[in-house]
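In what follows, a structure is listed as structure tokens, so that the remarks can point back to it.
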Protein chains: 2
Amino acid sequence: MSKPLRQRVILELLENSAVGSQEDLQRALGRRGLKVGQATLSRDIHELGLVKTGAGYVLPSEAASEPALPPVSRLVREFGLEVKAAQNLLVIKTTVGSAQPVAAALDGQDWEEAIGTIAGDDTILMVCSDNRGAKRLAARIQEMLA
Amino acid sequence: MSKPLRQRVILELLENSAVGSQEDLQRALGRRGLKVGQATLSRDIHELGLVKTGAGYVLPSEAASEPALPPVSRLVREFGLEVKAAQNLLVIKTTVGSAQPVAAALDGQDWEEAIGTIAGDDTILMVCSDNRGAKRLAARIQEMLA
DNA sequence: AATGACTATTCATCGTACTGAATAATTATT
DNA sequence: AATAATTATTCAGTACGATGAATAGTCATT
């Protein structure tokens, strides 16, 4: 079973009906042919940033609204080619056409050094708070390439 | 070590110098800090479509010139959300921003049913030879989502 | 406070992709 | 034809991410 698919179905279910517990959710997913354990749902709920209210689980406005991407380490390993710091900028090269998902994953990290991320076709530009931060991030990403 | 990175370095080495054997290649990569076994190089050479000539390994014009993408089954599993056939077209939905790498991998398959592939941001359109071919491909891709 | 319902986490396992040592197969050289 | 060099493949092992049964922890109800 594909995790992004499952998470998208979870989000759809929340839009269309009240889901008061993980067990409800498990049942609802089962009715759509998705058999999944409670532990997995707990993790999905955490990843999606869902919150439990009196009316059941809801998606707060600042939360994901999109299925989780694969781990950034995997995406960098799969698509990343090189990373260079240039003052407070990080330039990351990816395989052709792959910059976008990698950039999204990088953007989703809680790295305090990173201010923003722009993706082209095979190049990602990360703006860092300062030169030192860029160097630190470069090293971090370089490790994922190792 | 990241496989795309290694394959890109291999391609660069071939552009810049003669590489007469896999052992030469292994040594050249070693000089760039990439330690890799002969078996892996044999596979890389196969994946990249390199050909051995009297002058050493070359990249034929119809071959890759780009590092290999991850297996299509992985990309569909990681990013794919749904697949639907509409006559001789296949519409594949992906997570936001992920259509391009998935489409590239789909395009790289030797599927006789597929004529061409276009990727947007989160949607891929595959043109198939006929309605039946589209249905067959849809089923194949749906299996990767399972 | 006790109990039940619910959620989070641990731990063992699985699937997948990949690697390299060893070996088999192929090619080149003598 | 014999031998050496080279390449391809097998097989065992590794890394990684994910899963669910079991359990721990938390919250709600009585």
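Protein chains get the first letters and strands the later ones, always in sequence-line order, with residue 1 at the start of each.
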A/Arg6 side chain N/O closer than 4.0 Å to the phosphate oxygens (OP1, OP2) of D/dT19? yes
Hey, is the side chain of B/Tyr57 poking within less than 4.0 Å of OP1 or OP2 on D/dT7, counting only N and O atoms? yes
Between B/Arg74 and A/Glu78, does any NZ, NE, NH1 or NH2 come within less than 4.0 Å of an OD or OE carboxylate oxygen? yes
Without decimals, in angstroms, what is the distance between A/Leu41 CG and D/dT19 C1'? 11 Å
Pair A/Lys93, A/Glu82 - check salt bridge (Lys or Arg N to Asp or Glu O under 4.0 Å), show working. CA-CA 5 Å; A/Lys93 297 288 288 183; A/Glu82 87 186 40; over 6 Å; no
Heavy-atom nearest nucleotide on DNA chain C for A/Gln22 versus B/Lys35: which residue maps closer to 5'? A/Gln22
Closest of D/dT19, C/dT19, D/dG17 to the A/Arg77 side chain is D/dG17
Give a yes/no answer on whether the side chain of A/Ser73 brings an N or O atom under 4.0 Å of OP1 or OP2 in D/dG17. yes
Starting at NZ of A/Lys52 and ending at P of C/dC6, how long is that distance when rounded to a whole Å? 7 Å
Return the value, rounded to whole Å, for the distance between atom CD of B/Gln38 and atom P of C/dT23. 14 Å
Atom CG of B/Leu29 and atom P of C/dG20 are separated, to the nearest Å, by 11 Å
Mind calculating the distance between CZ (B/Phe79) and C1' (D/dG17) to the nearest angstrom? 14 Å
Could you state the atom-to-atom distance from CZ of A/Arg43 to P of D/dG20 in whole Å? 8 Å
Salt bridge (Lys or Arg N to Asp or Glu O under 4.0 Å), that's the test. Do B/Glu12 and B/Arg32 meet it? Break it down for me. CA-CA 12 Å; B/Glu12 282 172 7; B/Arg32 289 183 171 223; 3.5 Å; yes
Less than 4.5 Å apart, side chain to side chain, heavy atoms only: is that true for B/Val102 and B/Ile124? yes
Winner on side-chain proximity to B/Thr40, out of C/dA21, D/dA22, C/dT19, is C/dT19
Rounded to whole Å, please give me the gap between CD1 in A/Ile45 and C1' in C/dT7. 8 Å
Would you say C/dT7 has OP1 or OP2 under 4.0 Å from some side-chain N or O of A/Ser42? no
Taking atom P of C/dT7 as reference, at what distance in whole Å does atom CD of A/Glu23 sit? 9 Å
Nearest-nucleotide pick for A/Lys3, side chain only, options being D/dA8, D/dA22, D/dT19: D/dT19
